[in-house]
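Sequence lines set the chain letters: A, B, ... in the order given, protein chains first and strands last, and positions in each chain run from 1. Note that these values count all heavy atoms, side chains included, but never hydrogens, waters or copies made by symmetry. Keep in mind it's a predicted model, so treat the numbers as computed, not measured.
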Amino acid sequence: MNSLTDTSRRPTDWQGAEMQKRIAGRYAAERRFKAMGIVAIALSAGFLAFLLVVMVGNGFRGFAQTELPVVIDFPAVTSGASPSQFEGPNAEANLQVMGLRDIVDSSIEIQYGQDGTDLFSPGGWTAVSAEILNDPDIVERKATVYLPVVSEIDVAYKDEGTAGAEEQVRRLGDQLSTGFNWNFLSNSDATDPMQVGIWGAFKGSLITMIVTLMLAFPVGVLAALYLEEYAPKNRLTDLIEVSINNLAAVPSIIFGLLGLAVFLNFFGMPRSGALVGGLTLALMTMPVIVISGRNAVKSVPPSIREAALGIGASPLQVVFHHVLPLALPGILTGTIIGMARALGETAPLLMIGMRAFIATPPSGITDPATVLPVQIFLWSDEVDRGFVEKTSAAIIVLLLFLLVMNALAIYLRNRFETRW
Amino acid sequence: MTSTTLLFLVIGLGLVAWFFGRLKAASLQSRGPNSRSVLHSLPNYHGWYVALWAIVPAAIFMTVWSFVSPALITDAALTSPAAAQLPTDGFARAAILSEARAIAYGNQVNAFNPLSQSMVEPYREAIAYYQMIGAIAALLMVFACGAYAWLRIKPDLRARTKIERVTMLLLLLASLIAIITTVGIFLSLVFETARFFSMVSPIDFLFGTEWNPKAVAGPRGETGFGAIPLFWGTVFIGAIIAMIVAIPLGLMSAIYLTQYAPAKFRSWMKPILEVLAGVPTVVYGYFAALTVAPALRDFAVSIGISNASSESALAAGVVMGIMIIPFVSSMADDSIAAVPSAMRDGSLAMGATQSETIKKVLIPAALPGVVGGVLLAVSRAIGETMIVVMAAGLAANMTANPFSSVTTVTTQIVQLLTGDQEFDSPKTLAAFALGLVLFIVTLLLNLIALRVVKKYREAYE
């Protein structure tokens with residue numbers, strides 16, 4: 001009883017030197033711990049910043065191309081082609097007949113000597129045909145067009161290149177200029193880094209995402225509604241819940257194996273097509289939509305359901321007329337986040353053959369296609385140094401899209417989500 | 001008429017049916033509320049009732065027909081005179097027929113075999129004939145079933161109840177897709193793995209230490225399918241190096257953000273850290289291969305490790321660890337937040353400093369949650385593909401030297417399935433066996449993690 005008032009132990013001397021030292025030590029430990037926390041956060045955020053800086057720094061140059069001016073004396077080299085030939089429906093056919101490549105090559109040789117064509121990107125002459133289609137009157141005069149140089153000189157002009165290319169850059173000097181690389185936005189994959197573009201991969205991504213959304217969204221929403229509103233407590237429901245949680249954690253490459261074994265080999269769907277890619281990604285995205293959809297449905301207060309039931313709505317009317325519209329912003333947020341994940345996914349698509357070299361953009365869901373992340377992967381494997389900046393540029397485009405999607409999700413959440 | 005046009009036509013007719021059903025119901029309703037014909041359901045439901053009757057049987061018929069008709073078409077084509085010249089040998093015959101079929105459907109332009117060219121015309125005729133029959137039958141079904149449903153519209157028809165029953169069925173079906181997918185994954189992996197194990201012994205696969213897959217067995221029957229180096233590489237990168245990076249950084253970030261940071265800083269910093277989880281893995285892979293790996297190799301050379309590889313385990317592991325930080329930190333965040341504040345307040349009231357409270361009270365109390373989070377992060381890391389494919393290399397080494405190159409399960413799956421795929425070669429099938437191992441391990445890790453987290457949550461409720 002008297003242990004509390006036991007005076008055999010002297011009261012702690014808080015002001016004593018020993019105690020002060022201990023307290024100082026404890027505070028120092030406190031500061032160290034806090035500093036560790038700050039360092040951890042700074043490191044994590046620093047990694048992110050470093051990653052972005054590296055990608056933007058490299059990729060920025062991918063949007064630019066090095067050009068040389070070429071004077072083409074159209075009336076002389078085309079032996080009097082008239083602008084009217086390059087207007088209307090026959091324009092492209094007439095261009096083909098004209099043999100534009102030789103015309104451009106001869107103009108280059110006049111200006112830059114016998115080996116002049118070696119300076120220019122092999123597919124660069126297509127820029128001239130675009131120019132003619134754009135402005136047919138050009139064939140009546142002597143015009144200067146800017147054509148992309150070969151990849152080695154491009155690399156050397158922007159950055160360090162091979163010795164030979166650096167020498168060329170010194171020789172050409174002021175003639176070299178930098179222009180915006182429109183090809184990069186409008187072309188598809190190619191073997192020459194000066195001619196590659198992301199349009200094909202972008203279109204492939206778009207088609208694949210549409211297939212994914214069309215499949216995953218309805219199924220995901222319906223499953224979420226069923227599980228949250230109607231599912232009886234039985235073993236089947238448990239099984240469904242376990243499988244959904246499980247699917248959300250399955251590595252994405254396993255979905256690729258599933259797509260390969262089931263969609264390609266068992267059902268014999270076309271390889272490399274956006275259809276199979278979309279199906280595979282839909283299976284991956286569906287659990288994400290179900291889980292976020294269930295949370296959104298759960299957050300709708302029961303009073304709304306009771307009120308609707310009270311005025312005579314049937315259980316289905318309650319859900320489809322009242323709960324679903326209120327839960328929709330939350331469901332959409334989850335859907336966009338799931339779609340953003342699917343957009344960045346690479347591994348499952350490699351399994352189902354979307355890694356082929358595709359030089360023409362797909363025009364349907366069964367055409368061979370590739371997607372942005374796979375295109376990045378393919379370019380990253382290229383030996384040619386010109387691909388480094390193109391890869392980073394494609395990464396910038398991909399990251400921009402993800403940023404837009406996530407920003408949209410955050411906006412939707414803040415704008416429409418009601419806190420009950 | 002192609003099946004796509006037919007499908008759109010049937011759907012269009014369904015809309016027409018919806019309109020007529022609704023019209024009839026509305027006209028019944030407009031006869032006045034005091035008559036005995038008060039509708040049981042709203043006119044819309046009657047519309048849907050007729051539309052479903054019009055579309056669903058026809059859609060079922062079209063699905064069945066698309067499975068049945070190819071056989072009928074082949075039979076019909078074989079009765080044509082041109083078929084008499086076909087070789088009797090089963091294999092050559094099948095090749096010619098499939099070529100002719102591809103041309104007739106427009107998937108292929110030219111025939112390599114002149115015999116196939118002669119079969120194209122009979123095929124085209126048979127296809128046209130059976131497509132016609134299918135289309136007519138489907139349209140007849142639309143009209144017959146639609147008319148039947150339309151005639152059944154009476155004031156006391158319980159259209160809403162019926163529609164709702166169909167909708168409920170649809171909801172249930174949507175939920176069942178999750179089970180079907182899980183079963184599909186499991187069966188396809190198990191099936192292909194069984195075929196693999198019929199060629200390569202499971203013991204060699206699971207316990208062998210030499211990974212050098214060949215399509216045909218070597219002179220002493222060795223096949224080079226020993227997966228131990230792969231398992232080690234996966235564990236080394238995903239569970240050791242990545243976690244050495246991710247656990248301290250993730251845990252300390254979570255602690256600082258929940259315990260020290262002002263609310264404003266936290267509300268900015270948390271989403272920024274979560275961006276790390278949202279960056280596509282192919283971007284991390286490129287970053288690892290382009291920037292981190294050369295830097296680490298130069299570093300290794302500068303400290304005197306001469307055999308450093310440019311595709312090092314360390315580069316892949318570190319970058320993967322960075323990717324995993326948000327997983328660890330958000331799980332740690334949740335479990336620290338779940339510790340009852342009475343415990344924390346009690347510790348602070350006894351005079352412990354904040355860091356002492358965190359180290360001696362909060363973390364021990366939150367430990368099961370943190371461990372669960374780490375397990376989830378490990379399962380995520382070992383299933384990660386692109387970073388290791390791009391940065392870790394292909395050499396199956398059993399080494400603990402972080403600067404040397406190791407390979408992982410996922411890298412090898414990608415590697416084995418790239419290029420020519422022959423579905424009876426053990427090389428291709430080995431990818432499925434690796435996939436099955438990966439699936440089972442991640443599944444177990446997840447189950448254990450969820451159980452740990454759940455048990456611990458219950459302890460405080």
| message | Quick check on B:V319 against chain A: is it the side chain, the backbone, both or neither that has a heavy atom closer than 4.5 Å? | response | neither
| Out of A:R26, A:R341, A:E345, which one racks up the most heavy-atom pairs below 4.5 Å with chain B? | A:R26
| query | How far apart are the closest heavy atoms of A:G353 and A:S272, and which atoms are they? | reply | O-OG, 2.6 Å
| note | Turns out that what part of A:M36 lies under 4.5 Å from chain B's heavy atoms comes down to both
| Can you say whether A:P287 sits under 4.5 Å from chain B via the side chain, the backbone, both, or neither, judging by heavy atoms? | neither
| said: Heavy-atom cut-off 4.5 Å, strictly under: side chain, backbone, both or neither for A:F266 against chain B? | reply: neither
| remark: Whatever's closer than 4.5 Å to a heavy atom in chain A on B:F287 counts as both
| said: If we define contacts as heavy-atom pairs under 4.5 Å, which of B:V283, B:I325, B:L187, B:L273 has the most with chain A? | reply: B:V283
| task | Search all heavy atoms of B:T411 against all heavy atoms of B:T408 and return the closest pair with its distance. | result | OG1-OG1, 2.7 Å
| message | Under a 4.5 Å cutoff for heavy-atom pairs, which residue among A:V54, A:I376, A:L399, A:T391 has the most contacts with chain B? | response | A:T391
| Using non-hydrogen atoms only, which part of B:T353 is less than 4.5 Å away from chain A: side chain, backbone, both, or neither? | both
| message | Using a 4.5 angstrom heavy-atom cutoff, name the option from A:V388, A:V242, A:L225 with the most pairs to chain B. | response | A:V388
| task | Quick one: which of A:N58, A:L343, A:T346 has the most heavy-atom pairs under 4.5 Å with chain B, could you say? | result | A:T346
| Contact winner vs chain B - A:A45, A:A249, A:G220, heavy-atom pairs under 4.5 Å | A:A249
| Would a line drawn from the ring center of B:F432 to the ring center of B:F191 be shorter than 6.0 Å? | no
| Rounded distance [0.5 Å steps], CG in A:N246 versus CG in B:L443 | 4.5 Å
| task | For the residue pair A:R31 and A:Y27, establish whether any side-chain heavy-atom pair is separated by less than 4.5 Å. | result | yes
| message | Quick check against the 3.5 Å criterion: does A:E229 have a side-chain atom that pairs as donor or acceptor with the backbone of A:V319? | response | no
| For B:G435 and A:I254, which heavy atoms make the closest approach, and how far apart are they? | O-CD1, 3.2 Å
| query | Taking B:T442, B:N446, B:T181, B:V279 one by one, which has the highest count of heavy-atom pairs under 4.5 Å against chain A? | reply | B:T181
| field | Side chain, backbone, both or neither of B:I272 within contact of chain A (heavy atoms, under 4.5 Å) | value | both
| remark: Bottom line for B:T291: the part with an atom under 4.5 Å from chain A's heavy atoms is side chain
| message | I'd like to check B:L173 versus B:I177 (side-chain heavy atoms, cut-off strictly below 4.5 Å). Are they in contact? | response | no
| message | Could you measure the distance from the CD atom of B:Q415 to the CG atom of A:L350? Nearest 0.5 Å is fine. | response | 11.0 Å
| Proximal component of A:L43, with respect to chain B [non-hydrogen, under 4.5 Å] | side chain
| field | Shortest non-hydrogen contact from A:L398 toward B:P280 | value | CD2-CG, 3.7 Å
| task | Measure A:L247 against the heavy atoms of chain B and call it side chain, backbone, both or neither at under 4.5 Å. | result | side chain
| task | Sort and list the pairs that fulfil salt bridge (Lys or Arg N to Asp or Glu O under 4.0 Å) and have at least one residue in residues 162-176 of chain B, not counting sequence neighbours. | result | B:R160-B:E164
| query | Is it the backbone or the side chain of A:A340 that comes under 4.5 Å from a heavy atom of chain B, or both, or neither? | reply | neither
| field | Any A:L349 side-chain heavy atom under 4.5 Å of A:V371 side chain | value | yes
| said: Quick check for you: among B:T281, B:T161, B:I358, B:L170, which has the greatest number of heavy-atom pairs under 4.5 Å with chain A? | reply: B:I358
| query | Which pair of non-hydrogen atoms, one from B:K359 and one from A:F33, has the smallest distance, and what is that distance? | reply | CG-CE1, 4.0 Å
| request: To the nearest 0.5 angstrom, please state how far the CG atom of A:L239 sits from the CD1 atom of B:I179. | output: 4.0 Å
| task | Measure A:I240 against the heavy atoms of chain B and call it side chain, backbone, both or neither at under 4.5 Å. | result | both
| query | Which region of B:I322, side chain (C-beta onward) or backbone (N, CA, C, O), has a non-hydrogen atom less than 4.5 Å from a non-hydrogen atom of chain A, or is it both or neither? | reply | side chain
| query | Where does A:S392 contact chain B at under 4.5 Å (heavy atoms): side chain, backbone, both or neither? | reply | both
| note | Of A:L403, A:L283, A:N245, the largest count of non-hydrogen pairs under 4.5 angstrom with chain B goes to A:L283
| task | Not counting sequence neighbours, which residues clear side chain to side chain donor-acceptor pair (under 3.5 Å) with A:D238? List them please. | result | none
| remark: The interface call for B:F186 against chain A, heavy-atom contacts under 4.5 Å, is neither
| For A:E241, is it the side chain, the backbone, both or neither that has a heavy atom under 4.5 Å from a heavy atom of chain B? | neither
| task | Check B:Y284 against B:L276 and note the closest heavy-atom contact, atom names and distance. | result | OH-O, 2.5 Å
| request: Could you look at B:L376 and say if it's the side chain, the backbone, both or neither that has a heavy atom under 4.5 Å from chain A? | output: neither
| Which portion of B:L290 sits near chain A, non-hydrogen atoms under 4.5 angstrom | side chain
